Amino acid sequence: MDKIRTTCAYCGVGCGITAEVTGSVTGARSVVIRGDADHPANAGRLCSKGTHLGETVGLEGRLLAPIIGDAAVGWDVALDAVAERMRTTIAEHGPDSVAFYVSGQLLTEDYYVANKLMKGFIGSGNIDTNSRLCMASAVAAHTRAFGEDLVPCTYDDLDAADLILLVGSNTAWCHPVIWQRIEAARAARGTRLVVIDPRRTETAEQADLHVALAPDGDVALFTALLAEMRARGATDEAYLADHAETPEDFWADLNPAPGVDAGVFAQLADLVAAHPRMVTLFSQGANQSLSGTDKGNAIINLHLAMGRIGQPGCGPFSITGQPNAMGGREVGGLANMLACHLGFADDERADVAAFWNAPNLCAGPGLKAVEMFRAVHDGRIKFLWVMATNPAVSMPDATFVREALARCPTVVVSDCIADTDTARFAHIRLPALGWGEKDGTVTNSERRISRQRALFAPPGAARADWRIICDVAARMGWGEAFAFASPAAIWREYAAMTALAGRHGKLLDLTPHAALSDADYAAMQPFQWGGEHPLRRRFPTPSGRARLVSLTPPSPEVRDPAFPLRLNTGRYRDQWHTMTRTGLSPTLSTHRREPLLEVHPDDAAAQGLADGGLARVETASGSATFRVCVTAGQRPGDIFVPMHWTDLMGNEARANRLPGQGVDPHSGQPGFKNTPARVLPVSPAWRGFLATCAAPEPTGMLWWSRARVGHEDSGGWLYELAGDGAVDCDALLPPGARLEASDPARGMRRIAVRGPDGTLAAALYLTRSGQLPARDWVAAQLGLPDVAPTELLAARPSTPLPERGALICLCHGIGERAIAAAARAGAGTVAAVGEATAAGTNCGSCRPAIARLIGTALSRNTEAA
Ligand code: SF4
């Protein structure tokens, strides 16, 4: 089989993959995935999500034909309908009555034509992207300081640094291959690591210093750190004189109070002062804040003032969440950018209008994501086209967003998935290509552009996003400007357009690619625009100097007694966004099968919450219910829930019902990380779980969530259930021969169902008082014949299996007991545990968890001694 070099579908690390297609028959596609040893971003490494991409390439749940209402239609009918509705809306209400909400999952070529259509031809700035939720604050901070949205670092700087500060980044979970590079640098050169994060995450557990600051304490911390470096004489006055514009009173106005323990601050200051080769890597924990842009500039100020930028091992380094968030930023997919890093000044608009020969170039910026959905809600936007994203789940105040979608006269959704929470509001659904079918380019966090290549033929009637957009543009009368025959043709036009960026003093320059042949485009190797350190000599501002930005930390908050806690939301290691892909993988679903509310023991005790029980989180915007996880990793007063669960994966567990619509004033990025909240225990009359090959959508429950279990071909779903009323078993269970046991006195009921072929189709376990059995053995029996009735009803084999404990290493199937045993037997490092058990020796995503288990096992050994 041929090996195809492509890139991972998920995060902004942008890992290279070699894919070997082993089956491509429709519905039974398979592929062997390996890290690409020649890709500079990952040098062969992959995390758990990338490693298990092959489990998600089947056609389950795919949208394979255009749909209007509930009826499948041909492409011509669907495209005519989209164009007609858009044309009518514009004619009646003007160009600003239409909007595109797009995604960092789009390829650069898709993004380019979507932006060109909206801003150049429809004549509105109303195209914004879900990258607004991810790193718009970093974009605004870069632009304020550097004059252009430009990341000054590369991953090689992580290898060369002596000190790495991670700010608002659970890197070990969210950017695992970057974490592996940091681990390697620490092993090779003793790089010191500081984690600045309110939560004690698995990343923070591995740090030399964890600074557990209060939510949104970053600006105070970094401005105080800068004042401290100035007081110590550690700032670089010569660099500042040559390379920076410093506002009057900048130094006099610096905040001196770091907002963290004085001893911890002194340790941090000592490390910063002692290590000139310093990278500060910041991510969504910094960006998703009402002060996110100021946080970025506080970090950049420190680097500029110490001359720690533009040279190896140095720099402020924003890393993106999505695989092509950066590509979208480059072409202009954000509403407040025009195209190719250009803005809306008259001369920039004139150049863009001439280049595109655009008849209706927009006059100014469009509406950013939160504003856009407000405009949909109040009727200013009457036509919304959502591409490759799921705002009904991912936007803050998602209940409001759903109301907006329900009110909108025309909602078009292009997606590869048929049934998403957002697709349920669509009037027209267009089947797009998914990962493994698309062909184009992506840009990762270090400005490295790589090809994403198709592995499989398009399934059903699915089409590339760029082609759908161009087909609609042609029906609007702009066929000539959108007559692209291939992604390569779009790439050439985009590359040529970057000449305009250079004309206006920007550094984005892809012009050498403007005449690339189709064959050279097909064979394109990963490359980095701007080189390793594009800000080495001058900055793309009119003066050629960077700008220090005067900052005022947010005022100390006054907590409302009605909402005394602070809610933070974020990612799990093995899930991606709204789980439409990773949620299909049994392996990836093992890491966290339920959404957990993480709460400090003091807060749990104060609120009457029990570990493993249920609790409802309430905010001014809404409520949601989660399984309680009591952990000292949370600061007292702060709680955390994951962002991934949708209505399809649970009835009450959507985290984004909870954050409000507040945004950073500069970037428009919502503040997901610091929402006033309260928690209340939930005490259902009964609890249970259901292992099933089918996928029922339970009704009448207080709470349910589900996760994929078993094998790709014979697996099913594991549901956690809780309720107050009668249990409608018939609605949950498939038809078939039933085995049943019950004990009314103990409130216990168990039912197993065999299908016509005798295999286990489902098993339901309910209790009103006692404990529920372990899930793993039951889930593993789904689809198997001849499981003994007594074993099924007991939920365990008659010959007990060795107890594995929680699965830690997904790749090798190693549980916590084997790892703890190896540690107790003398394997005192992650590498030694790997040698003893193989755990952590493949993708490496579990290594922080192994380190934690080693620590626990060794401390128990010490206590026992
Ligand atoms: Fe994919 Fe993991 Fe690499 Fe991110 S770190 S690009 S999820 S393999």
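Quick caveat, the model's predicted, so the values are computed rather than measured. We count ligands from 1, going down the list as the structure has it; atoms in each ligand are counted the same way. Just the heavy atoms: all of them, side chains too, but no hydrogens, waters or symmetry mates, feed the values below.
- At least one N/O/S atom of Cys8, whether from backbone or side chain, sits less than 2.8 Å from atom 1 (Fe) of ligand 1.
- Near Gly50, meaning under 4.0 Å from any of its heavy atoms, are these atoms of ligand 1: 8 (S).
- Contact check for Trp466 versus Leu106: no side-chain heavy atoms found under the 4.5 Å cut-off.
- Counted by atom type alone, Thr443 and Glu330 present one or more donor-acceptor pairs between their side chains at under 3.5 Å.
- Protein heavy atom nearest atom 4 (Fe) of ligand 1, with residue, atom name and distance: Cys11 SG, 2.3 Å.
- Every atom of ligand 1 with a heavy atom of Val177 under 4.0 Å away is listed here by number and element: 3 (Fe), 5 (S).
- Cation-pi contact between Arg329 and Tyr111: absent, since separation from the ring centre below 6.0 Å together with deviation from the ring axis within 45° is not met.
- Side-chain atoms of His303 and Thr280 include a donor-acceptor pair closer than 3.5 Å.
- Between the side chains of Thr108 and Asn324, at least one donor N or O sits under 3.5 Å from an acceptor N or O.
- Between atom 3 (Fe) of ligand 1 and Cys15 there is an N/O/S contact shorter than 2.8 Å.
- Under a 4.0 angstrom heavy-atom cut-off, Leu46 registers as being in contact with ligand 1.
- At a cut-off of 2.8 Å, Cys47 does not coordinate atom 4 (Fe) of ligand 1 through any N, O or S atom.
- Phe640 carries Arg199 over the face of its six-membered ring, with the cationic atom under 6.0 Å from the centre and within 45° of the normal.
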